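A quick write-up on the structure given underneath.
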Amino acid sequence: MNVAAVMQAVADRLDTIADLRCFAYPEAALSPPGAVVLYPERIAFDETYQRGMDRMTLPVLLVVGKVSDRSARDQIGAYCDGAGAASVKQVVESGTYTAFDVVTVTSVDFDVVTLAGTDYLAANFTLDIVGKGTS
Amino acid sequence: MSFVHGKNTVITVAAKDISQYTNTSQLTRGADKHDVTGYGKGDHVFGGGLLTGEFSCEGTYDNTASTGPRAALQPIVGTVVTCTRKPEGTGTGRPLETFLALVESYVETNPVADMVKWSAKFTVSDAIATTVQ
């Protein structure tokens, strides 16, 4: 698996969610509602013999409105729902990819991030990605 | 001489290379033992008998047609097939083991929060031929 190709593929898939701005790299100009595919926390090589399988843990940061806004709660609820048109889990897992074999959105944690001096509600998704090893 | 990493191991079963779906394998060589203790002895005395062998492997399930573990192994359960094992990978002078083995079981395991896994067990039939590539 190529990290850049994997990050791009995930971002392209997230970009199919209506009104969500997506970036395949840590873009400084992120504005809500937006999602950014961050660099992998870890790549595990040689999960099987002969470079058969690699595995990576890929974070995706999604930012919605101000923490104090009720609409932000409703927005992040839709993105973090297990199903629905805006569900990150459903949209990402239902995609078809050539950069890797399978992706599972395993968890989401909530956070507050500061962009241009303003605190925004954010969701940190963790993606488990498995694909063929390159050799 | 040096330590050898397991990642280069090559396993074929019935002429199908399942290495890329395998993450661990084990070849056990043993022997029957015969108690030949006679009267008057204070300790058991043993003699060696016929050699035995067991082989097992397991890994991550892949639905690749023909060489994926299900396609390669499920149809041959209960049959004796030719297996090869290259414990140090492919390369001139590296060891190669070739043997016939009865495929005793093929198991698929589906954990809810991980990839589908598979495993297989074999009993070696007849001698294991150890050569170099």
Side-chain angles (χ1 to χ4, degrees), chain A residues 1-3 5-6 9-10 13 40-60 80-83 87-110 123-135, chain B residues 3-13 15-27 55-73 83-91 94-97 108-120 133:
Chain A
M1 290 188 292
N2 177 280
V3 171
V6 170
V10 170
R13 184 62 185 163
E41 293 173 3
R42 182 172 186 268
I43 301 175
F45 295 119
D46 299 319
E47 293 282 291
T48 62
Y49 297 152
Q50 295 290 318
R51 303 291 301 118
M53 172 181 153
D54 290 342
R55 190 168 197 163
M56 71 172 72
T57 304
L58 192 70
V60 171
C80 296
D81 200 326
S87 164
V88 169
K89 182 172 177 63
Q90 177 172 302
V91 169
V92 169
E93 293 184 0
S94 63
T96 54
Y97 304 96
T98 56
F100 52 87
D101 282 4
V102 64
V103 55
T104 306
V105 180
T106 58
S107 64
V108 57
D109 300 299
F110 298 91
N124 285 306
F125 292 90
T126 300
L127 279 56
D128 178 28
I129 294 177
V130 173
K132 301 286 186 293
T134 47
S135 58
Chain B
F3 296 118
V4 176
H5 202 284
K7 67 180 182 178
N8 296 320
T9 305
V10 176
I11 304 291
T12 70
V13 176
K16 292 182 177 176
D17 188 343
I18 59 169
S19 308
Q20 293 200 330
Y21 321 113
T22 306
N23 59 23
T24 189
S25 60
Q26 197 168 32
L27 177 62
F55 177 63
S56 63
C57 50
E58 60 186 74
T60 305
Y61 181 89
D62 188 301
N63 61 5
T64 300
S66 84
T67 56
R70 170 185 279 249
L73 298 172
C83 302
T84 66
R85 176 175 176 265
K86 298 175 182 175
E88 297 178 21
T90 301
R94 295 180 182 178
L96 166 67
E97 286 155 339
E108 290 176 358
T109 305
N110 297 53
V112 69
D114 205 348
M115 306 298 287
V116 177
K117 300 293 184 181
W118 66 271
S119 64
Q133 300 170 48

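Just so you know, these numbers use all the heavy atoms, side chains as well, and skip hydrogens, waters and symmetry mates. Note that the structure is a prediction, hence the values are computed from the model and not measured.
- If you tally non-hydrogen atom pairs under 4.5 Å between each of B:Ile11, B:Asn8, B:Ile18 and chain A, the highest count goes to B:Asn8.
- With values rounded to the nearest 0.5 angstrom, A:Asp128 atom CG is found 7.0 Å from B:Asp114 atom CG.
- Counting heavy atoms from C-beta on, the side chains of B:Thr22 and A:Thr48 never come closer than 4.5 Å.
- Note: A:Tyr49 OH to B:Thr9 OG1 = 4.5 Å, rounded to the nearest 0.5 Å.
- For B:Asp62, the part lying under 4.5 angstrom from a heavy atom of chain A is the side chain only.
- Judged by distance alone, with hydrogens and angles left aside, the side-chain atoms of B:Gln20 form a donor-acceptor pair with the main-chain N or O of A:Gln50 at under 3.5 Å.
- A distance of 7.5 Å separates OG1 of B:Thr60 from CZ of A:Arg55, quoted to the nearest 0.5 Å.
- Counting only heavy atoms from C-beta outward, the side chains of A:Glu47 and B:Met115 never approach each other to under 4.5 Å.
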